[in-house]
Amino acid sequence: MVNTHDQAIREKSASGLDLKLLTFEWVYHKPTDQIKVNGWVQNQSDSGVQACRIMVQAFDQFNYSLGAAETYLDPTYVPPGGKARFDFFLHRGVWVENLVLNYRFETNY
């Protein structure tokens, strides 16, 4: 079963990158005891963004930490107004019914 965008919270200390998390979905894979998360972001600035990562801390419906993940956006260059996707895995999660992502964006330059 695919679950769609439960809750995403941008960290207050996040960088000045003008990117917005549009949506995400997740599914639990029983054979590997992992949760796969897929999502989309949009560049809302007037300039392109290159080599940007999304850094995530994930929590379940009980506010139990499911761990941290980071991954580069795809494509690696996101033009003004452009969209990019991301995906990552979290370990464990058979009990998870609601996924909360606390996130921020970072670049290497």
Side-chain angles (χ1 to χ4, degrees):
M1 178 172 79
V2 174
N3 302 277
T4 57
H5 195 131
D6 292 329
Q7 187 175 6
I9 303 165
R10 187 166 181 162
E11 290 183 4
K12 291 186 187 335
S13 64
S15 69
L17 295 172
D18 196 5
L19 295 165
K20 178 180 180 181
L21 194 151
L22 298 173
T23 188
F24 73 89
E25 63 184 27
W26 61 276
V27 63
Y28 174 71
H29 293 281
K30 188 174 183 176
T32 58
D33 193 24
Q34 292 179 311
I35 295 173
K36 182 174 184 186
V37 180
N38 298 300
W40 287 90
V41 301
Q42 183 174 30
N43 181 358
Q44 298 187 315
S45 72
D46 293 333
S47 58
V49 176
Q50 179 129 4
C52 184
R53 295 179 295 166
I54 184 169
M55 319 284 280
V56 175
Q57 180 69 40
F59 300 90
D60 69 5
Q61 66 273 16
F62 306 112
N63 203 31
Y64 175 77
S65 176
L66 298 171
E70 66 179 77
T71 187
Y72 282 94
L73 300 181
D74 180 26
T76 58
Y77 176 77
V78 187
K83 295 179 184 176
R85 63 177 298 280
F86 65 87
D87 61 40
F88 58 87
F89 286 91
L90 300 167
H91 301 287
R92 302 181 323 268
V94 68
W95 70 90
V96 176
E97 296 176 7
N98 186 34
L99 185 63
V100 177
L101 302 181
N102 188 350
Y103 69 95
R104 70 182 188 276
F105 297 102
E106 290 185 358
T107 60
N108 290 336
Y109 57 92

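Just so you know, residue 1 is the first one in the sequence shown, and it goes up from there.
- Considering all non-hydrogen atoms of both residues, L66 and I35 come closest at CD1-CD1, 4.4 Å.
- Going from atom OG1 of T71 over to atom CZ of R85 covers 8.5 Å, rounded to the nearest 0.5 Å.
- A 4.5 Å side-chain heavy-atom check between L73 and V49 finds every atom pair outside the cut-off.
- A donor atom on one side chain and an acceptor atom on the other are not found under 3.5 Å apart for Q50 and T107.
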**OP:** Kindly determine whether D87 and K36 satisfy side-chain contact (heavy atoms from CB on, under 4.5 Å), including the steps that lead there.
**Re:** CA-CA 7 Å; D87 61 40; K36 182 174 184 186; 4.2 Å; yes
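- Remark: side-chain polar atoms of Q42 are paired, donor with acceptor, to backbone N or O of G81 under 3.5 angstrom.
- In terms of heavy atoms, Y103 sits closest to V56 at CB-CG2, 4.2 Å.
- Taken to the nearest 0.5 Å, the CZ atom of R104 stands 4.5 Å off from the CE atom of M55.
- Aromatic ring orientation, H29 versus F89: tilted (interplanar angle from 30° to 60°).
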Original post:
Between Y28 and D33, does a side-chain contact (heavy atoms from CB on, under 4.5 Å) hold up when you go through it step by step?
Top reply: CA-CA 7 Å; Y28 174 71; D33 193 24; 2.6 Å; yes
Subject >> Derivation and outcome, side-chain contact (heavy atoms from CB on, under 4.5 Å), residues V41 and F86 >> reply: CA-CA 8 Å; V41 301; F86 65 87; 3.9 Å; yes
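- Taking CH2 from W26 and CG from N38, the interatomic distance works out to 12.5 Å, rounded to the nearest 0.5 Å.
- Here the closest non-hydrogen pair linking K83 and W40 is CB-CE3, 4.1 Å.
- In this structure, CZ in F62 is found 10.0 Å from CG in N98, a value given to the nearest 0.5 Å.
- Taking every heavy atom of both residues into account, N43 and L19 meet most closely at CA-CD2, 3.4 Å.
- Scanning both residues, P80 and S45, for their nearest heavy atoms gives CB-O, 3.4 Å.
- More than 12 heavy-atom neighbours from other residues, nucleotides or ligands sit within 6.0 angstrom of CG on D74.
- Under the 4.5 Å side-chain heavy-atom criterion for Ile, Leu, Val, Met, Phe, Trp and Tyr, Y64 and V96 are members of the same hydrophobic cluster.
- Residues Q57 and G67 approach most closely at NE2-O, 3.4 Å, considering heavy atoms.
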**OP:** Determine, step by step, whether L99 and L90 satisfy the side-chain contact (heavy atoms from CB on, under 4.5 Å) criterion, reporting the C-alpha distance in whole Å, the side-chain angles of both residues, the deciding distance to 0.1 Å, and the verdict.
**Re:** CA-CA 11 Å; L99 185 63; L90 300 167; 4.1 Å; yes
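- Inter-residue side-chain proximity for L101 and F88 is flagged as met; some heavy-atom pair is nearer than 4.5 Å.
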